[in-house]
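Nothing here was measured: the structure is a model prediction, and the numbers come from that model. We're numbering straight along the sequence, starting at 1.
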Amino acid sequence: MPTAIEILKRLAIGRARPSEELGETLLPKRLALPIFASDPLSSVAYATQEILLVLTLGGLAYLHFTPWIGAAVVALMTVVVLSYRQVVHAYPTGGGSYAVVSTNLGPSAGLVVGASLLVDYVMTVAVSVASGVDNIISALPSLAGYRVLMALGFVALLTALNLRGLRESGRLFAAPTYLFIGGVLIMIGTGLLRYVVGDVPVAESSQYGITPQKNDLDLAGLALVMLVLRAFSSGCTALTGVEAISNGVPAFRKPKARNAANTLAAMGIIAVILFVGVTTLAIVAKVHIADDACRLTGLPNCAGYTQRTVIAQLAAAVFGGSTSFGFYYIQAVTALILILAANTAFNGFPLLASILAQDSYLPRQLHNRGDRLVFSNGIIALAIVAGLLLYGFRANVTSLIHLYILGVFTSFTLSQAGMIRHWNRALHTETDPAQRRRHHLARTVNSVGVVVTGLVLVIVLATKFTQGAWLAVVAAAGLWLMMRGIRRQYDRTSAELAVTDPRQDSTPPTRVLAIVLVSTLNKPTLRALAYARAFRPDHLEALTVAVDPESVTTLRRQWSEFDIQMPLQVLRSPYREITRPTVEYVRTVRRDGPHDVVAVFIPEYVVGHWWENFLHNQTALWLKSRLLFTPGVTVTSVPWQLSSATGARRPIARAPGSVRRGEPPNTAGQTALHTTSHRPDSD
């Protein structure tokens, strides 16, 4: 009978799926678009706003740079999308930038991309959820005090949905994504039509001026250039998530590369149209927004005033006010798409982490698929780290945005450089003139891309480093070092365990010396004694530690009464210790025969309730933990099921990763003897 926890788990994530159903989880393009592209599509809700927020640091005088900055962002997005379409075709097995850079520029450079993207995926979840909560608060200002709680709740909800599987989450996320695209297109079309016929929509903030953050209104020279570059780098948040499709090519239906490339092209076209439309409307409607409401001039009471987001002001201006159906519709779908935009990271992060784990740069548990054939360990890890960030930064978009986009542009730049080398290698072997022309054109696109994205990376570093981007740099560098350390540890372990001489490595021990640990004579002890005899060791004895003289006397008397034909060794312990005398005695036994194996049998209770573990087995657990570090010693737990365990009738649990490996449930779990061995050393 399933436990309450098992029932809740099945209600939350659904039934376990066998490995044979992996093909059924592959995505058609209509579901792949909302799953992998919700982040760049939703960024139109805040990319324009970030440009305006930076430009208004100098007051209203510099808003005329907005269209030029928007055009630069569109050009950059076009180059990046074209480049990643080539990545998809060249590396259809997935891995995206990490695969490209590792193959063409070396493992260390690939690891830089991997670390940068992992950090950026975490930031995607934090920024998207925080921005979605902002839009909810724009419609319902009374919820401002619950900002952090709502953000954490949405992360938990997204985690549960993604643990159900890609197709299931895709169906849930498809409707909000398409409703958002349709709603924003209608808003843009309506607003521009009103502008053409002379009924210009006017934002609620157009009446307010903005006091410059600094007193010198006339920024010039380097200061002006830095302001514009900083606004451009903030607008580049529109490009986050573009690489997710190239990472997730294996999740597409066949033909995988073509479907992924077409989805990437559709995403780029839609994102450009939405971004250009929202930016144009913001200029037409004269949206004024500042990082601090008290910098708005003409506002009666700035202390209690909550600024609406740019897209909220546009919806109110186009559809007839903040009480209109159109306003609430746009706010609802914007909040949904922003929160669901985190789903891009919930798919990209586990896939990339799985590839890194397969290459031994992360713990291999991240490569295991869970019950629903998704990389559940990666999903849970992402949720925990993103939740901590949201809590630490109080779900504030302005604070989090400075940590954003640095990682993604690092991967963009290195990926373009890797693709140039890829095409150079291809040109060395290709003889067909048509193919060579295509390779030359592709290399030209990537050459433009590496220059442009490299320049943006420098701009982002220069303009955001002191404002918080240094945290992202430190996090990526720390993750890079950690992954290198994990790989070294795996390599050392593999080298240590590798078979060098089959004859020597498989030489049986000279003797097997068995020791049964005894504290009192009861049923578990008798079972352990019988099991040890069944091994037919060369020498067998029971061992107890004389902590209490009366207990030892009782044990000796029972040993004689039951006529147990096995020597009982009693160790003195003047300081009432059990572990130290036992371990020292085992070491002494083996010291007499360095090629012997000492098999230690420990009777152990199996309990039915978690709290019973605090009452039983503590000494046994501590002894095992010490004996496992002793060379040439094997430790065998001989279980005895208490009535609470046999009465619980626990369901047979799947071992971690058993679904991924296609293994059946462990039907021997309740009767098997649990043995943990330490390989004997060869002196």
Where do Tyr62 and Thr56 land on the side chain to side chain contact (heavy atoms under 4.5 Å, CB included) test, with the steps shown first? CA-CA 7 Å; Tyr62 302 100; Thr56 54; over 6 Å; no
Heavy-atom pair of closest approach, residues [X] and [Y]:
{"X": "Ser83", "Y": "Asn446", "value": "OG-ND2, 2.9 Å"}
{"X": "Ala335", "Y": "Gly132", "value": "CB-O, 3.7 Å"}
{"X": "Gly378", "Y": "Pro350", "value": "C-CG, 4.1 Å"}
{"X": "Leu117", "Y": "Ser411", "value": "CD2-OG, 3.4 Å"}
{"X": "Leu63", "Y": "Thr66", "value": "O-OG1, 2.7 Å"}
{"X": "Met77", "Y": "Gly268", "value": "SD-O, 4.3 Å"}

Contact between [X] and [Y] at the side-chain level, heavy atoms closer than 4.5 Å - yes or no?
{"X": "Tyr178", "Y": "Arg30", "value": "yes"}
{"X": "Leu76", "Y": "Cys236", "value": "yes"}
{"X": "Thr177", "Y": "Leu33", "value": "no"}
{"X": "Lys256", "Y": "Val88", "value": "no"}
{"X": "Ser415", "Y": "Val87", "value": "yes"}
{"X": "Val125", "Y": "Leu158", "value": "no"}

Gap separating the [atom1] atom of [X] from the [atom2] atom of [Y], nearest 0.5 angstrom:
{"X": "Leu481", "Y": "Ile486", "atom1": "CG", "atom2": "CD1", "answer": "11.5 Å"}
{"X": "Ser376", "Y": "Leu163", "atom1": "OG", "atom2": "CG", "answer": "6.5 Å"}
{"X": "Glu496", "Y": "Ser494", "atom1": "CD", "atom2": "OG", "answer": "10.0 Å"}
{"X": "Ile181", "Y": "Ile337", "atom1": "CD1", "atom2": "CD1", "answer": "7.0 Å"}
{"X": "Thr444", "Y": "Leu82", "atom1": "OG1", "atom2": "CG", "answer": "12.5 Å"}
{"X": "Phe65", "Y": "Leu55", "atom1": "CZ", "atom2": "CG", "answer": "8.0 Å"}

Test side-chain contact (heavy atoms from CB on, under 4.5 Å) applied to [X] - qualifying residues, sequence neighbours left out:
{"X": "Gln365", "result": "Pro363, Asn377"}
{"X": "Ile459", "result": "Leu229, Phe232, Ser233, Leu455, Thr463"}
{"X": "Arg443", "result": "Ile420, Trp423, Asn424, Leu427, His440, Ser447"}

If only atom types and distance count, is the side chain of [X] paired as donor or acceptor with the main-chain N or O of [Y] below 3.5 Å?
{"X": "Thr413", "Y": "Thr410", "answer": "no"}
{"X": "Arg394", "Y": "Val148", "answer": "no"}
{"X": "Glu430", "Y": "Arg436", "answer": "no"}

Would you please test Tyr490 and Arg364 for side chain to side chain contact (heavy atoms under 4.5 Å, CB included) and show each step? CA-CA 10 Å; Tyr490 275 131; Arg364 287 174 182 160; 3.5 Å; yes
Please check if atom OH in Tyr391 has more than 12 non-hydrogen atoms from other residues, nucleotides or ligands closer than 6.0 Å.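 It does not: Tyr391 OH has 12 such atoms or fewer within range.
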Per the side chain to side chain contact (heavy atoms under 4.5 Å, CB included) rule, which among Ile355, Leu356, Leu362 passes with Asp359? Ile355
Side chains of [X] and [Y]: is there a donor and an acceptor less than 3.5 Å apart?
{"X": "Asp134", "Y": "Thr309", "result": "no"}
{"X": "Gln416", "Y": "Thr453", "result": "no"}
{"X": "Thr279", "Y": "Thr48", "result": "yes"}
{"X": "Gln358", "Y": "Ser354", "result": "no"}

What donor-acceptor contacts under 3.5 angstrom involve side-chain atoms of residues 99-107, with partners at least two apart or in another chain?
from   : atom 1 : to     : atom 2 : distance (Å)
Ser102 : OG     : Tyr98  : O      : 2.8
Thr103 : OG1    : Ala99  : O      : 2.8
Asn104 : OD1    : Arg425 : NH1    : 3.3
Asn104 : ND2    : Tyr91  : OH     : 2.8
Asn104 : ND2    : Val100 : O      : 2.8
Asn104 : ND2    : Gly418 : O      : 3.4

What ring-ring contact (aromatic ring centres under 6.0 Å, His included) pairs are there with at least one residue in residues 240-270, not counting sequence neighbours? Phe36-Phe252
Check step by step if side chain to side chain contact (heavy atoms under 4.5 Å, CB included) holds for Asn259 and Lys254. CA-CA 7 Å; Asn259 287 338; Lys254 295 180 179 179; 5.9 Å; no
Quick one: do Leu239 and Val73 satisfy side chain to side chain contact (heavy atoms under 4.5 Å, CB included)? Show the steps, please. CA-CA 8 Å; Leu239 277 76; Val73 171; 4.0 Å; yes
Do NZ/NE/NH1/NH2 and the carboxylate oxygens of Asp491 and Arg487 come within less than 4.0 Å?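 Answer for the salt bridge query: yes.
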Which residues pass the ring-ring contact (aromatic ring centres under 6.0 Å, His included) test with Tyr84, not counting sequence neighbours? Phe412
